[in-house]
Amino acid sequence: MIFPGKRLLARIVFAPVATVALVGAVVACSSDSDSSAGAVTKGACVEVTDNAADAMKASVGDCSAATSNYRIVQVGTAPLTCAVSDATFNGTVGDTKTGLCLAPNFAQGNCYADAGTRPAEAVACTAPEATFKVVKRIDGVADELQCGTDATQFRTVADPKTTFCMAKP
């Protein structure tokens, strides 16, 4: 048997429930909640505050900030072994022990102390440990031929494409 009022009742009950579920899903997928801010994920940037081999420390930061000197290429369990072109970070980010492979996100005009396979540390250009200065940073291009004659060395990153032209401080 068919009861004509049941279909109308189902529409009245299920329509608002479906609408609330749809709105909730859209809001959850499109919001920039604070819970994802500061996450240690591929593509996020970090400021390495201590690059000592046995006590590395970093904090997640804004990639456009001059202090966020590395971009995360890979996240894993420490100790992590990275590609030759990446710095290896085995330490603590916030309160979490982790392994990271890092690509440079150096700021133009800043100086750094090279640390081999560990992340370079940002230092004052007048510091005796300063080994290089970024004289030019070119975003959107990974081509060392874009560096001028004032650069004595270079570093390119494939993703996102970036060229760092460097010289002695």
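Side-chain atoms are counted along with the backbone in the values below, which use heavy atoms only and exclude waters and symmetry mates.
In this structure the side chain of T162 never reaches within 4.5 angstrom of the side chain of F106, judged on heavy atoms. You'll find the side chain of T96 stays beyond 4.5 Å of the side chain of V40, heavy atoms only. Considering only heavy atoms from C-beta on, V123 stays 4.5 Å or farther from Y112 through its side chain. Between T41 and V75 the shortest side-chain heavy-atom distance does not fall below 4.5 Å. Counting heavy atoms from C-beta on, the side chains of V73 and D86 come closer than 4.5 Å. C101 has its side chain within reach of L80: a pair of non-hydrogen atoms, C-beta onward, lies under 4.5 Å apart.
Distance check, rounded to the nearest 0.5 Å: CZ of F154 to CD1 of I138 gives 11.5 Å. C82 SG to L100 CG: the interatomic distance, rounded to the nearest 0.5 Å, is 8.0 Å. Taking OG1 of T156 as the start and CZ of F164 as the end, the distance is 9.5 Å to the nearest 0.5 Å. To the nearest 0.5 angstrom, E47 atom CD is 4.0 Å from T67 atom OG1. Taken to the nearest 0.5 Å, the SG atom of C111 stands 5.5 Å off from the NZ atom of K133.
With sequence neighbours left out, the salt bridge (charged side-chain N to carboxylate O under 4.0 Å, His left out) criterion links D139 to R137. In this structure, the side chain to side chain contact (heavy atoms under 4.5 Å, CB included) partners of D150, at least two apart in sequence or on a different chain, are V135.
Without hydrogens or angle criteria, T126 side chain to A124 main chain gives no donor-acceptor distance under 3.5 Å. Under the 3.5 Å distance criterion, the side-chain polar atoms of N105 are matched with a main-chain donor or acceptor of S68. For Y70 (side chain) and A120 (main-chain N/O), a donor-acceptor pair under 3.5 Å exists by modelled atom type. Here the side chain of R71 pairs a donor or acceptor atom with the backbone of G43 at under 3.5 angstrom. Looking only at distances, no side-chain donor or acceptor of N90 sits under 3.5 Å from a matching main-chain atom of G99. Judged by distance alone, the side chain of T49 and the main-chain N or O of K57 form a donor-acceptor pair under 3.5 Å. With T131 contributing its side chain and D114 its backbone, the two residues share a donor-acceptor pair below 3.5 Å.
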